[in-house]
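Chain A is the first sequence line, chain B the second, and so forth, proteins listed ahead of strands; every chain is numbered from 1. The analysis underlying the following values was restricted to heavy atoms, covering all of them including side chains, and did not include hydrogens, waters or symmetry mates.
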Amino acid sequence: MPHRTNHPLFSPAAFELKVIRRILSSRVVFDMIKGQGKLPAMDLILEKKSVIQILEEIAVLLDLAGENPFKSRAYSNAARVLETTGESLEELIRSGQLGETKGIGKALEEKILTLAVTGTLEYYEKLRGQFPPTLFDLLKIPNLGPKKVKTLYSTLGIQSLDELEKACQARIIRALSGFGEKTEQRILEGIERVRTYAARVLLPAAESAAQPLFESVSSHPATLRASLCGSLRRRRETIKDIDLLASSREPGELIEAFTGLPQVKTITGQGSTKASVVLENGIASDLRVVADDEFPFALNYFTGSKEHNTLMRSRARTFGYRLNEYALTRENGEILSCQNEEAIYWALELDYIPPELREGLHEIGWAMNRAVPSLIEYGDLKGTLHCHTRASDGEASLEEMAAAAGALGYQYLGIGDHSKAAFYANGLDEKRLAQQWEEIDRYNRQGGPVKILKGSEVDILRDGELDFAEEILLECDFAVGSVHSQFALSEAEMTQRLICAIESPGITFLGHMTGRLLLQREPYPVDVAKVIDATARNGKWIEINSNPWRLDLDWRACLEARDKGVLFCINPDAHNTAGLADNRYGIDVARKAGLGREAIANTRELNDFCQLLKKTRPG
DNA sequence: GCCGTTTTCGGCCCGACTGTTTTCAGTCG
Ligand SMILES: Nc1nc2c(ncn2[C@H]2C[C@H](O)[C@@H](COP(=O)(O)OP(=O)(O)OP(=O)(O)O)O2)c(=O)[nH]1
Ligand SMILES: [Mg+2]
Ligand SMILES: [Mg+2]
Ligand SMILES: [Zn+2]
């Protein structure tokens, strides 16, 4: 166990009695402390991410063990709640909020606490001992759930994909009760799929694959209405499959046409109301078909999320109703007719909830209290910052970028090329930056479609110092501080590094605050809540980086930052003219975070925007 | 394991498709 005698959280002086009692209530920690006879120096051994992972793992292990599914759900739910909480685990524990959090009761509070402080949990270790970790790979195979995996393991000792594949080929799976010849075949196909294709794709990739499918379905003569649903309609950052809904008088005909589309490689399921396929590009797609008067209910169901649906259906129950994808029904069988989705929410005494907010987080509470935020819309942006040109690693000239921004209807465009430390990106030194300013001055004097604002994406060095002197940054209209190297710091170091940067007078906001690359690279360890607090204290902004690989700051964290009075700025981080259009994904993020026009700085007209920029500077 | 406009026990969303089944469990949406 690492020793850190002067850690602020665990130095005895800083300990509130309440906190000590909370920690002592944990059995393992209690024994440990008793054994030492005094309060030991402690640090949180597990970071939040690891605790979340373990909770999710416990949920799966409980399923495998055949435990009460609601218990498993409680663990999944707790993991989800922790994940969407912006506050650090340390702060949750210190403030005593952990046990107060909805979905975390006495038992889970104690388990989380024990995990965080000791790095281990007997309950977890015992469960884990029952099943080899490779069983988790088997669960990724379509149509293989906990029951079947457990059977395979306990009767045949099958632990891995390879072993399962061999067993299928040897035709010994079919001997098990509940398994047969077709199951063997399906498993083999499933293994192939898991090995070949990614489980999720980025939003834009799903969007472009969805477009032609949607066209085909909606233009089919048997189709009355059609919509994209699921995570695509909710504008999630990554997508598992393309969910399509249609209404029709001839569902069979439409489903047949869908499965026969040229993009379809394999049909993984087909019935009288829906079909599932895998496309040539490896992306899966589900089509659901209902009668036209059922369309609003089906749209609501198929848009989800699952968690939102569960909450909606529970709420319907409290009115004595039953809600499914076909109708809203009273106990006596009477049907409450709804012409559109809005009417469903109203029937449940809720305000309408836009799809982006339907994640089963706070939205039902907001809708009950008439407090659903009004969201920023596509077209609300009046300009944008943080764009690159050929001067560093961009592909377009200043003029080309400006023309493209003008074509989007923008009034201003902020150039933030890399600084000299980013040598791999041809970062600008002081001299080249000055040359770029001259070029910008010339452009602005001549007058183009947009006003170009002078900026820099200045590297944040290891210690939080910046790659340009403060005077230079203050001469810019804005400055983005970004981490592009030295990712492998501790959470405390990285947090301090970012706070140091955001406290610099010249910095406007941090670029892509957590450094994640979706489906590719985890964020570097950083206490986002602390950085956001520092951002608020210093009157700075938060960047919503619209690059689809980044979408950073994440919408969940933006949602948490909503009440802290911080302004956001949606920027494309564009490296070519086409990249400017990525701001639409940044707007998706803002909408998912419940942000309105007023919270986004670059919804302001040029003059107001420049005034706001000045306010991020001292004096 | 959580939780309370039915409150501290007894619920926890509801339905489609598949394969193996002789009436339904498992998985998925
Ligand atoms: N009522 C109910 N609806 C569900 C359940 N599972 C899924 N749905 C609905 C809501 C989902 O948004 C919709 C599509 O399911 P998907 O599995 O495709 O999930 P979704 O699109 O939300 O996310 P993903 O595909 O993973 O990116 O079906 C469930 O267990 N109960
Ligand atoms: Mg989906
Ligand atoms: Mg789906
Ligand atoms: Zn960058």
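Dashed line: the shortest gap from a side-chain N or O of A/Arg288 to OP1 or OP2 of B/dG15 is not under 4.0 Å. Taking 4.0 angstrom as the limit, A/Arg186 places none of its side-chain polar atoms (N or O) nearer than this to OP1 or OP2 of B/dT27.
Side-chain atoms of A/Thr310 lie closest to B/dC13 of the nucleotides B/dG29, B/dC13, B/dT27. Which of B/dC17, B/dG1, B/dG29 sits closest to the side chain of A/Thr273 comes down to B/dC17.
At whole-Å resolution of the value, CG in A/Leu108 and C1' in B/dC2 are 8 Å apart. If you measure from atom CZ of A/Phe179 to atom P of B/dT20, you get 10 Å, rounded to the nearest angstrom.
One C1' atom belongs to B/dA25, the other to B/dT21, and the distance between them is 9 Å to the nearest Å.
Between the side chain of A/Tyr301 and the base of B/dG29, at least one donor-acceptor pair of N or O atoms lies under 3.5 Å. Side chain A/Asn309 to base B/dG29: no donor-acceptor pair is found below 3.5 Å.
In this entry B/dT8 has no Watson-Crick or G-U wobble partner, no candidate having both defining distances under 3.5 Å.
Counting non-hydrogen atoms of other residues, nucleotides and ligands closer than 6.0 Å to CD of A/Gln339 gives a total of 12 or fewer. For A/Lys265, the NZ atom is densely surrounded, since the number of other residues' heavy atoms within 6.0 Å is greater than 12.
Looking at A/Thr268, its side chain does come within 3.5 Å of a backbone N or O of A/Ser276 through a donor-acceptor pair.
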